[in-house]
Amino acid sequence: MKKVVLAYSGGLDTSCAIKWLKARGYRVICFIADLGQGEDFKAIEKRALAGGAEKVYIKDLQDEFLKDFILPALKAGAVYEGKYLLATALGRPLIAKYLVDIAHKEKAQAVAHGCTGKGNDQVRLEVTIGILDPDLEIIAPVRIWEFKSREEEIEYAISCKIPIDVTKKKPYSIDRNLWGISIEAGILENLQQEPPEDAYLITKDPKLAPNSPKYIEVYFEKGVPKKINGKTYSLKSLIGLLNKIGGQCGVGRTDLVENRLVGIKSREIYEAPAATILHIAHKELENLVLDRELAHFKEGIALKYSEMIYYGLWYSALKEALDGFVASTQKQVTGAIKLKLFKGSAIPVARKSPYGLYKKELSTYGKEDKFNQKLAEGFIRIWGMPYQK
Ligand code: ARG
């Protein structure tokens with residue numbers, strides 16, 4: 001009998017997928033990836049076993065996610081279409097990596113996932129699986145099965161005695177991990193509708209956030225955030241803390257219509273307080289320590305890097321080469337940025353770095369000015385010369 005490793009979330013789709021795969025002659029092994037989504041994994045494991053899985057792997061991948069995915073994206077300044085900090089997209093290559101790993105361990109011929117045929121995640125998972133082991137068969141039940149609606153799926157689940165949780169009919173599709181939350185579907189499909197407050201899970205409505213600002217100082221070492229307000233934290237607890245403080249101040253919400261890989265535009269809202277604060281602070285520090293040409297060139301790299309993540313091309317030669325560039329830019333990215341968090345905004349207000357390129361004696365308008373203004377005349381003439389008719 002053939003074996004399949006299924007990326008299992010505990011939701012309706014993947015729960016039905018267990019039975020569906022079994023009905024097609026597969027032995028089903030479930031894999032649950034812990035990327036910090038904060039769910040009851042024991043309960044999910046029980047559901048998988050009760051639903052017919054032969055074995056369940058639960059893997060805590062949070063440290064690897066932080067070190068090998070989130071940090072590189074932060075250092076690169078990767079933001080898709082100017083707004084999306086890529087939490088969901090960053091998790092997919094890691095999940096795919098372990099699907100392949102477990103398939104090898106289990107000597108399974110196939111892997112499966114519960115993504116729809118309209119989204120980006122199917123692409124990210126399958127491209128990565130194909131890169132890591134092109135011989136594995138990939139099954140995407142949701143893309144091919146006969147159910148036409150959620151109701152039909154629920155009927156199937158009930159008739160097959162699949163344990164599912166249909167009591168709370170979720171109004172949104174939500175994907176969550178350490179780096180942020182992605183929320184779509186339901187009322188959000190109406191572009192003219194402001195997202196209702198109940199769509200947000202970890203950020204306060206900015207108008208209800210505290211009336212006085214909160215100041216925080218983030219200290220980076222070679223591009224890696226290490227301290228908050230002078231206190232050292234592990235990356236995981238630092239992100240947890242910033243999610244909490246930022247969320248209370250209403251920081252980190254975005255609402256955008258994005259271009260999916262499969263050619264459609266979709267509306268999605270995101271919550272990522274820590275990621276937002278860290279990106280803003282990191283960029284501010286780079287502005288202080290990188291020279292102009294390097295800083296400007298890096299913006300182009302950031303755009304490309306964000307596309308590589310969004311497009312599922314994490315394990316590609318180009319992405320690896322970009323990592324090389326980014327690494328060489330981070331050597332001097334050490335210092336502290338103080339931000340003012342206030343009713344949804346996070347604004348840098350003070351900065352310091354041993355590698356700062358700001359020279360007060362050159363920029364000052366005060367009497368300690370050392371800038372030789374006479375030289376400006378010649379500079380301007382030569383600079384503008386090619387443009388004179
Ligand atoms: N649009 C985001 C992406 O492609 C998130 C997709 C998943 N969203 C969700 N609510 N399940 O990366």
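In each ligand, atom 1 is the first atom listed, and ligand 1 is the first ligand listed. Because the structure is predicted, anything quoted here is derived from the model rather than measured.
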Looking just at side-chain N and O atoms, do [X] and [Y] make a donor-acceptor pair shorter than 3.5 Å?
{"X": "Tyr310", "Y": "Glu81", "answer": "no"}
{"X": "Glu54", "Y": "Tyr26", "answer": "no"}
{"X": "Thr203", "Y": "Glu271", "answer": "yes"}
{"X": "Glu258", "Y": "Tyr270", "answer": "yes"}
{"X": "Gln330", "Y": "His282", "answer": "yes"}

What residue and atom, counting heavy atoms only, is the protein's closest point to [atom], and at what distance?
{"atom": "atom 11 (N) of ligand 1", "answer": "Ser173 OG, 3.0 Å"}
{"atom": "atom 4 (O) of ligand 1", "answer": "Asn120 ND2, 2.7 Å"}
{"atom": "atom 12 (O) of ligand 1", "answer": "Tyr84 OH, 2.6 Å"}
{"atom": "atom 1 (N) of ligand 1", "answer": "Glu258 OE2, 2.6 Å"}

| query | Does ligand 1 have any atom sitting under 4.0 Å from a heavy atom of Arg124? | reply | yes
The answer for which part of Tyr270 has a heavy atom under 4.0 Å from ligand 1 is side chain
Checking heavy atoms under 4.0 Å, the part of Tyr172 that sits near ligand 1 is neither
task: Kindly indicate whether the side chain of Glu64, heavy atoms from C-beta on, has any atom under 4.5 Å from the side chain of Leu94.
output: yes
Exercise for review: For ligand 1, find out whether one of its N or O atoms is nearer than 3.5 Å to an N or O atom of Thr88.
Suggested key: no
- Does an N or O anywhere in Glu268 fall below 3.5 Å from an N or O of ligand 1? yes
Before we go on, tell me: are the rings of Phe297 and Phe325 under 6.0 Å apart, centre to centre?
yes
